[in-house]
Number of protein chains: 2
Amino acid sequence: MNNVFAQRIDSLREIMTSNGWDAVVISGSDPHSSEYPSPRWQQVKWLTGFTGEAADVVVTHDHAGLWTDSRYFIQALEQLEGTGVQLHKTRVPDEVSIPDWLAERAAVVALDGLCQSKSAAQELMTKGCAVIDIPDMLESLWDARPALPVSPVTTLDVECFGGRPRLEKIEWLRKWMLLRGVDRVLLSSLDEIAWMLNVRGSDIEYNPLVISYLLVSQDSVKWFVRKDVSELAPDTEDSFNELVADGIEVEDYDAVYYALKDFSGEESPVKVFIDPSTLNHHIYSHICENYPAECIMEGVSPVILEKSVKTQSEIENLRQTYIEDGVAMERFLYWLETEVASGREVSEWEASEKLTSLRAEIPGYRGNSFENISAYGPGGALPHYSTPREGSAVIEPHGLYLVDSGGQYLTGTTDITRTVPMGPCTELEKEDYTLVLRGMIDLSMAVFPRGTAGCQIDALARMPLWKARRNFGHGTGHGIGYYLCVHEGPQSIRYQYNPQPLLPGMVTSNEPGLYRAGMHGVRHENIVLCQEAGVSEFGDWLSFETLTCCHFDTSAVIPQILGPEALEWLNAYNARVYETLAPLLPEEVAVWLKGKCCAV
Amino acid sequence: MNNVFAQRIDSLREIMTSNGWDAVVISGSDPHSSEYPSPRWQQVKWLTGFTGEAADVVVTHDHAGLWTDSRYFIQALEQLEGTGVQLHKTRVPDEVSIPDWLAERAAVVALDGLCQSKSAAQELMTKGCAVIDIPDMLESLWDARPALPVSPVTTLDVECFGGRPRLEKIEWLRKWMLLRGVDRVLLSSLDEIAWMLNVRGSDIEYNPLVISYLLVSQDSVKWFVRKDVSELAPDTEDSFNELVADGIEVEDYDAVYYALKDFSGEESPVKVFIDPSTLNHHIYSHICENYPAECIMEGVSPVILEKSVKTQSEIENLRQTYIEDGVAMERFLYWLETEVASGREVSEWEASEKLTSLRAEIPGYRGNSFENISAYGPGGALPHYSTPREGSAVIEPHGLYLVDSGGQYLTGTTDITRTVPMGPCTELEKEDYTLVLRGMIDLSMAVFPRGTAGCQIDALARMPLWKARRNFGHGTGHGIGYYLCVHEGPQSIRYQYNPQPLLPGMVTSNEPGLYRAGMHGVRHENIVLCQEAGVSEFGDWLSFETLTCCHFDTSAVIPQILGPEALEWLNAYNARVYETLAPLLPEEVAVWLKGKCCAV
C-alpha cells in the first residue's frame, strides 16, 4: 500500500486505536460552516485526495467512506481509486446518512468539533454515539498544514457602495433581541458577520470574508478576529480603527472563548442566542459549560433573512454592476467567436483566463465570485466541471460551449451562465438549448402573490423540459449576496420544499439546465430581482426584474418549441441588452452584438 | 330577545352555569369527522341558524362566536343577525383559533366529545383548558332532535362495479399491521369503512356511507353498525349475511365500547392504532381508560392513501361513467340554451332540477354527489352558492351561468363545473372566462416526474390569472372517491403545502376559478386521472388523463389570451367530446353539439 492517502488513513487509525475510538468523522467544512473552506480546513482533500465540495469522510477500523452527492459521483470514483475509500451516495432515495451508518457500527466517535456544526454533532449523539471532540485532530499527522488564513480587512463605505451603516444594523439586531428576551447573539457565519459590520476580506477564495466571530449584546459588540493582520496590511489598522470608532471592540480570534465565559458570572441569567446549523460543536460545547441549558436559545439567525433583502442603494448599484459585468461578457463572447472562427485553437482554460482578464478591467473588481466553469461539449454535461489548467479541451466551431462565471465587485456579486452555439448544432443540442431557454423565460415572466415561495414556481422553469421527459438535478435558483457569497439563503427556487417566501429586494438566480453525459450540457442563467408588481382587488403582486445584461444567442433556438410568448420575451430582452450595452462596447463588438440581438 | 337562536344559546348558558363550565364548544362535525353531518349532528345549525359547512361555535357566559372561513363570511353575517353570535374568521392572516381564543378566557371547557376529533380536543388541553366531555350535550335542549340515521345497507359486487374484494383489502391491512407491530386498527372515518368492506348506505346526504366503526385485528373483523336497519330494508339483511359469510362480525353500533374494553384483559399488551385527526375524543378517552398509553399508536390511517389509488377496473368504470355523466350534461346544456333562447324564464332552481332529472336517467345513478350549484351572474361569484328553492334568479340570455354538480353512480362519483356564456358577454367576462380556462388547460397538459406533489404544479393553473393580477381563494384540485365522497385525500392540488405525491391511479379535480362579487363567477372543472407517461434517462414520468367528457363553450374565448398551445388542446378536447358523445345523444343534441365543438 503505497498510496499516500491510504497511508494517511492508516496513520489516523493508529491514533484511533491508541485512544479507543471506533470511528472518526472528518468534515468538509470549517469552524464557520463555510461552503468553501480555506486550505487549512480542506481536511477531506488532504486525507483522501477528493477535491469536490460538500463531502464528509468517516473512518472506522475496517472501513473508510466518503459521503457526497450526485454532482461528484464520477469525480469521487476517479479520485478515490487506490485510497481504499468507498463512495457513499447522498441525496439518493436509499441514502444512509453518516449518523445512521455510524449508529450501527460505532459507540465512540471522535470528530473535530471545530468543523462540525452543533446540529451535525447533535444528530450523532441522538443516534446513540458518544462524541469525542478533538479540535484540530489531524494537526499531528498533517505536515505543513496551512495556518489560519490572514488577509487584509477593508471596510465598506455605504455612501459609495450601498447598504446600511453598521450601527443601523446593530440597532436592528438589538431590537430583535429585545423583542425575544435575548441578551447576547453569537454569530459565526462569516457572511453574516461581514454584512453586519460592513467589512470584507479575502480569507476564503472567491468569498470576500474575514474569519471571525461576532458577539452582540445590548451594550457591546465584540469582534473576534486575527489582529496580527494589521502588521501585514496597514489599511487593516484603519479598518479596525473605524470599527472601534463605532464602538465595536476588536479582539483576538481566540478571545471568543473568554468572552463566552465572562457572561456566566453575571447576577441575573444571561440568555445567549445561537444558530445550531452554523455554530460549530466545539464553541457550542464551550457555551454549554458556561451557561445553564435554559439560557441557551437556538434558532435560525435573523441576519440571514435581513441580509437577503437588498436595500434600494444596493439594488441601484447591482443594476449598474450587472451592466458592467455584461460588457465583460459580451467582449468575451465576441472574442471567443472571432478567435474560434479564425481557426485558432482556443482551449477551455484560455477562454476562462480571457474572461477573468476582461472582468478584471471593471472598476471595483475584487476577483471572481467562484471558479469559472468553461466547458466545451461533454465538459458542459458536468454541472460542476472544473476546467483543468493543462490539457483542457479545445473549443471547436460547432456544438455547445458553456460558461458559468461571476465577479466580486465593491458594488455587488454577479453570476451568469451562457451556453454558446459555436457553429452548427445537432437537432438534439438545439432542442435542449431551446427547452431550457423556454423554462428560464417562463420563470422570468412569472407574476405571483406576495407570500409565494420559490418552490411553488419552480415547475415553471422545468415544465418545458418535463413535457419532453427531460429534467435537471440541481436547483433552479439560489440567493446571491451583495459583494458577499455567490450562494446565500434563505430563499431558493427549487423542486424541494423551502417555505421561505420570495420578498421584494431578494436577488436570486434563474438557471435551469440539461445535461447529457458524454455529449453536451445546457444552462441558461440570469439573475433576477424580486420586485413589487402592483396591487389589485385580488391581492398584492410580485414579479422579477432581470438584472443580468447579456444576450442569448438565437442561432440554436427552435422558434416552434420556444413558443410565441417566450420568443417575444427573448426578442425584447436581446433588444434591451443591445440598447444598454452598445454605447459601452468597442465599436466592432457593438456591431457584432447588433447582429446577435436581431429579432427572431 | 325573541330570536329563537338567542334563546337556545341562553338555555345552554343556564346549563353552563349550573355545571360550572366557563365555555362550551359545539362542533360542526359528527362522531366520524364527516364533512357533511347528518341532521342529528347539525348542531351548529340548530343552535345558531347558520347553515354553512365547516363551522364551530363557542359559547361563554358573555360571548357567542362562530368560526368559519371566507366561503361563508357573507352568509354568516346574514344568518347570524339577531342571534347575538359573532363571526370569527378562519384561514385569514390574523386568525385566532378556538383553542387560542379559549386559552385566554376559559379554564373549564365542555364539549360533545363525540363530535370533536381527538386532535381538536387535545389542542384545547395543550393550551391549558380543562376539557369536560359531555356526549350529546344538546340533547336535553333540542326538542325532537333527529335520531341516528338508519338507511339500507348494500354491498358492492366488485365483479360488476370494480375495485378489490373486501377480503383482499383486509389482508392488505393485516399485512400493514404486522409490519408495524399493530394488533388492532380502529377505523371511524365512514368512507374508509365503506371502502374496506365494499358496503354503501345513505346515512348522509350525498355521501353513500353507513354510520359505523370498524375494528380489525389479525383474527377478527368487527363492524359496529345500526343492526335494526335490517327490519326496515330486507336487502340489508342479505348484505349483513354476505359480510358474515366473509368472516366479518356485524355488531351493534354501541358495542364498539365493549369491544374496546375486551382487549384490555389479554395477557400480552395489545397495541391499538388510531388516527387522531378523525377518531372522536369520546371514543379515544374510552380507549385511554382501557389501554396503557404505550399501547395506543397514533398516525394517519393507511386506508386513506390506499383508497385514493384507483384499481384498473375502477378506472375503466370511471371512464365509462364520465361519458354517461357527460351525456346528461350535454342534454342539460342543450336544454338550457334552447329554453333560454326561446324566451322562457328559466330559474336557477329549475335548471338545477332539470340537471338532476337527466342524471337520474343514467343506469346506476344513486343520487347527486353534492348539492348542485346552479348560479347565474352574481350568484356565480359565491364559490359555495346555495340555489334557493324559491325566488332563485332567472337565467338571462347574456352573461355567465355557472353550474357545478356531480352524481353518485355504482361505478363512480362525478364532479364537473361548466361556466356557460348565455349570450353576449362583457369583455371582462370573456377575459376571466379565458384566463381561467387557460389555467385549467395548462394544468391538464402538465407532465411531471414521479414524486411530484400537487402543490408543486398548482401555479400552472394560476399563472395566467396571476399575470393579469387575478386569483381565486380555493384549492385547484381535490381527490374524488369511487362511489364515495366527492372530496377525499390525501392528495390535492393547491397553493398550500401538501407533500403527498400524485400517484398513478389517483383521481383529482382541476378547477381554477375567478369570482367578482356582485358581478359574475367563472369556474372550469374537469376531473383528471394521474397516469404513467413513460420512462426516460431523466426519470419516470406522470401526466393527467382527462376523465370528464363535456365540451367547453368557445364563444367567450379570447384566442389571443388563450394562446396557441391551450387553443390546440381545447379544439382537440372538444372534438373528442363530440366524437365520443354524438352516438349517445338524441339527434338534435348531437347536431347542436357539433356546432359547439367546432375548432376555434
Side-chain angles (χ1 to χ4, degrees), chain A residues 93 432 435 438 442-443 445-473 493-499 513-519 532-543 560-568, chain B residues 93 432 435 438 442-443 445-473 493-499 513-519 532-543 560-568:
Chain A
D432 289 343
L435 288 168
R438 179 163 180 177
D442 283 354
L443 182 58
M445 295 192 294
V447 178
F448 43 92
R450 196 180 284 266
T452 302
C455 61
Q456 293 177 282
I457 54 174
D458 173 73
L460 294 173
R462 295 178 191 269
M463 193 51 70
L465 286 164
W466 286 357
K467 284 184 181 173
R469 314 300 192 265
R470 302 174 202 184
N471 204 1
F472 58 98
I493 301 174
R494 54 191 307 144
Y495 183 78
Q496 288 77 13
Y497 183 58
N498 171 357
L514 200 279
Y515 309 95
R516 294 187 186 272
M519 298 176 74
E532 290 180 347
V535 176
S536 74
E537 62 180 298
F538 298 100
D540 226 19
W541 301 94
L542 303 177
S543 66
Q560 306 89 285
I561 292 180
L562 200 62
E565 287 159 6
L567 199 61
E568 191 183 329
Chain B
D432 289 342
L435 289 167
R438 178 163 181 176
D442 282 354
L443 183 57
M445 295 191 296
V447 178
F448 43 93
R450 195 181 285 267
T452 302
C455 61
Q456 293 177 280
I457 54 173
D458 175 74
L460 295 173
R462 295 179 190 268
M463 194 50 71
L465 287 164
W466 285 359
K467 285 184 180 171
R469 313 302 193 262
R470 301 173 203 184
N471 203 0
F472 57 98
I493 301 173
R494 54 190 309 145
Y495 183 78
Q496 288 78 13
Y497 183 59
N498 171 358
L514 200 279
Y515 309 96
R516 293 188 185 273
M519 298 176 76
E532 290 178 348
V535 176
S536 75
E537 61 180 297
F538 298 100
D540 224 20
W541 302 94
L542 304 177
S543 66
Q560 307 87 284
I561 292 180
L562 201 60
E565 285 158 7
L567 198 61
E568 191 183 329

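Here is how names work: the chains are called A, B, and so on, in the same order as the sequence lines, proteins then strands, and each is numbered from 1. Only this structure's heavy atoms are used, side chains among them; waters, hydrogens and symmetry mates stay out.
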Visitor: So which part of B/N471 gets closer than 4.5 Å to some heavy atom of chain A, the side chain, the backbone, both or neither?
Guide: both

Visitor: When only pairs under 4.5 Å are counted, which of A/Q456, A/E565, A/R462 shares the most heavy-atom pairs with chain B?
Guide: A/Q456

Visitor: Would you mind checking which part of B/A533 comes under 4.5 Å of any heavy atom in chain A, side chain (CB onward), backbone (N, CA, C, O), both or neither?
Guide: both

Visitor: Could you have a look at B/Y515, B/F472, B/W466 and say which one has the most heavy-atom pairs with chain A under 4.5 angstrom?
Guide: B/W466

Visitor: How many angstroms lie between CZ in B/F448 and NZ in A/K467, if you round to the nearest 0.5 Å?
Guide: 12.0 Å

Visitor: Output yes when a side-chain donor or acceptor of B/Y495 lies under 3.5 Å from a complementary backbone atom of A/T452, and no otherwise.
Guide: yes

Visitor: Using heavy-atom distances under 4.5 Å, tell me whether B/P449 contacts chain A through its side chain, its backbone, both, or neither.
Guide: both

Visitor: How many angstroms lie between CD in A/E537 and CZ in B/R469, if you round to the nearest 0.5 Å?
Guide: 14.0 Å

Visitor: Heavy-atom distance under 4.5 Å to chain A: side chain of B/R516, backbone, both or neither?
Guide: side chain

Visitor: So, for B/M463 and A/I457, which heavy atoms are closest and what is the spacing to 0.1 Å?
Guide: CE-CG2, 4.4 Å

Visitor: Against chain A, label B/L465 side chain, backbone, both or neither, depending on which of its atoms sit under 4.5 Å from a heavy atom there.
Guide: neither

